[in-house]
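The next block holds one structure in the form of structure tokens; read it before the comments.
Residue numbering restarts at 1 for every chain, and letters A, B, ... go by the order of the sequence lines.
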Amino acid sequence: MSVYTEAEHAIALTDTIAWEEHRPDNPQEFFQYGQYQYRLKDYNAAYNYYFRASENDYILAWFEMGECIRRELIDEEIIGNHAEAEACYKKAWEYLESKSNINDLGTFQKACMLRYGHGTDINTQEAYEIFTGLAKQYECYTSEDFVVNTVYTIKGSVADKDTTPCKSIAGAVLYELAKYQLEGISPCAQDIEGARKLLKRAYDFHYEEALFLDYEIAEKNYESYEYQNDIRQLYGFRIGQYGRITDVHPSIKAYSRLIHMYEEGYPGDNSLRKAEFAEKANRFRKLVAKN
Amino acid sequence: MKLNEEIQELINTMVTSHEKAEYYREPVIGYASAEDELYNQLDDIIGNPQIHPTQMLKGAKTVIVVFLPYSKLIYDDMNNGKLTSSMYSDAYMVTNDLLDQIAESAADLLRKKGYQAVTEPPTENFDHVTKTAKWGHKSNAVIAGIGTIGLNHLLITGKGCMGRANSFVTDAKLPVTPRTEHEYCLYYQSGKCKACVKRCPSGAICSDGTIDKFRCDSYLEGKNISDWQQGCPQCQLGPCAMKGF
């Protein structure tokens, strides 16, 4: 049993019921709905709602739009004539810089832009200080805060407690700090072991990318990997999420993500399972060709 | 009317008069002796401790198994080229309730005739951590001779694998359903097919006969984000969907 996948499943069920009962109808809710869709890996839908939020000058939306475009998460026809990634980041930077009081997410976005030089000049030192400051705020979280179960109600299955910790930036912050140690970016010296500890903690704080990166650092050597069950369940979970998107919002990008996972192979599979798994991409290759 | 005929009639009536009767074909009902030697071997065959019928009910004589095969209506909705089917999801929940009601009604019938009966719901006897059950409706169905376990690890009956089962115990001694050596799975019969392996989106089912339950489960956790998208019908959509071989 994976604490992460069980909790994410509960969050998704709860949020889906909530959004079915109340559709987003203001800029903040457009943004939050975009975050909900992003969490479900429906990036096209996420971008559309970030865009709706941005049209009403919702500051936090611009960075997320930039991320969707730069990371090539969305189909080109969705972007259309909209701004390119760098233009989105520039707008995000201008807005966030002009405000004296921004929330943690806005602060995190600024730090990311400084770290990678999006929308502003690179300043890894300043970014590091911001990430470190944010991390201190979430030091109080323990793994217990991220255990979430579902409770069946007449309206459907809902989470049994507040899921705010799971949706916070705590994990994302630790992930970024881990990359400093992984890459030896100033002011950090390279420290692979330290980076891996931070990545595991980031994953425990619900940032799933952290475990995928950790597995890469371990050279995808399944036999010696310390978190075999977690990586396997995370992989299955992600295939489920991607698979769902190919049904509800089919697109070339959606099919391509699933194809990539089938080609990558499931952690720990023997040669027979690997071959059978890779063949599953054929169905989606045909759909890509058809489109 | 003999007791087993009364039970059959009760079950058939409950299904045909159900508000969603169009979801089902005629039920498959089987009877296993609670003293069948296979029950003493189940722990080893399945690989985790199982409840013996006499542990469910002291003096148990018969295990009654009911399999409700889905109709072509469900099959057509499931076989839509997609990974999700809202009708299948609805059928899953409706059928669990119906099987529960069937077991209780049949148990009531037996009790009115002076017998004892103990029921077990078609779900929730399942350990979500280890993904194991102690009272297996599928294994009861095999012992009762109404089907065999296929490469897809589902119960395949003469009416296929697409459906759901329940089983309960009574101290009424009812005629057992004969169990033969017949194998309903086309792959185990002939080495052909493997449709379930190809269809399984997570790769949980392998042609070496193994299944990774945790892989299946984590896939479902990622896919099923609303109550109308439960389960995954893919392994039920091969040639054995609506008939055994």
> Which answer fits A/Arg238, side chain, backbone, both or neither, if we ask what part of it has an atom under 4.5 Å from a heavy atom of chain B?
Replying inline: neither
> Roughly how far apart are A/His9 NE2 and B/Asn224 CG, rounded to 0.5 Å?
Replying inline: 6.0 Å
>> Is any side-chain heavy atom of A/Tyr266 closer than 4.5 Å to one of B/Arg215?
In response: yes
> Listed by chain and number, what are the ring-ring contact (aromatic ring centres under 6.0 Å, His included) partners of B/Tyr88, not counting sequence neighbours?
Replying inline: none
> Between the main-chain N or O of B/Pro201 and the side-chain N or O of A/Tyr262, is there a donor-acceptor pair closer than 3.5 Å?
Replying inline: yes
> Just how far is it from atom SG of B/Cys206 to atom NZ of A/Lys274, taken to the nearest 0.5 Å?
Replying inline: 12.5 Å
>> Taking B/Ile225's backbone N and O only, do any of them form a donor-acceptor pair with A/Thr16's side chain (distance below 3.5 Å, no angle check)?
In response: yes
> Which residue pairs pass the side chain to side chain donor-acceptor pair (under 3.5 Å) test when at least one of the two sits in residues 73-83 of chain B, sequence neighbours left out?
Replying inline: B/Lys72-B/Asp76, B/Tyr75-B/Asn79, B/Asp77-B/Ser85, B/Asn79-B/Arg199
> Do B/Cys200 and A/Lys280 have side chains that get closer than 4.5 Å, going by heavy atoms?
Replying inline: yes
> Just how far is it from atom CZ of A/Arg232 to atom OG of B/Ser202, taken to the nearest 0.5 Å?
Replying inline: 10.0 Å
> By a 4.5 Å heavy-atom criterion (distance strictly below it), what part of A/Glu8 contacts chain B: side chain, backbone, both, or neither?
Replying inline: neither
> What part of A/Thr14 lies closer than 4.5 angstrom to a heavy atom of chain B: side chain, backbone, both or neither?
Replying inline: neither
> Judged by atom type as modelled, is there a donor-acceptor pair below 3.5 Å linking the side chain of A/Arg273 to the main-chain atoms of B/Asp208?
Replying inline: no
> When only pairs under 4.5 Å are counted, which of A/Ile239, A/Leu234, A/Ile245, A/Asp247 shares the most heavy-atom pairs with chain B?
Replying inline: A/Asp247
> Got a sec, which residues hit side-chain hydrogen bond (donor to acceptor under 3.5 Å, both in side chains) with B/Ser167, two or more places apart in sequence or on another chain?
Replying inline: B/Trp135, B/His137, B/Asn140
> What parts of residues 30-44 of chain A touch chain B if we use heavy atoms and a cut-off under 4.5 Å?
Replying inline: A/Tyr36, A/Leu40
> Using non-hydrogen atoms only, which part of A/Asp269 is less than 4.5 Å away from chain B: side chain, backbone, both, or neither?
Replying inline: side chain
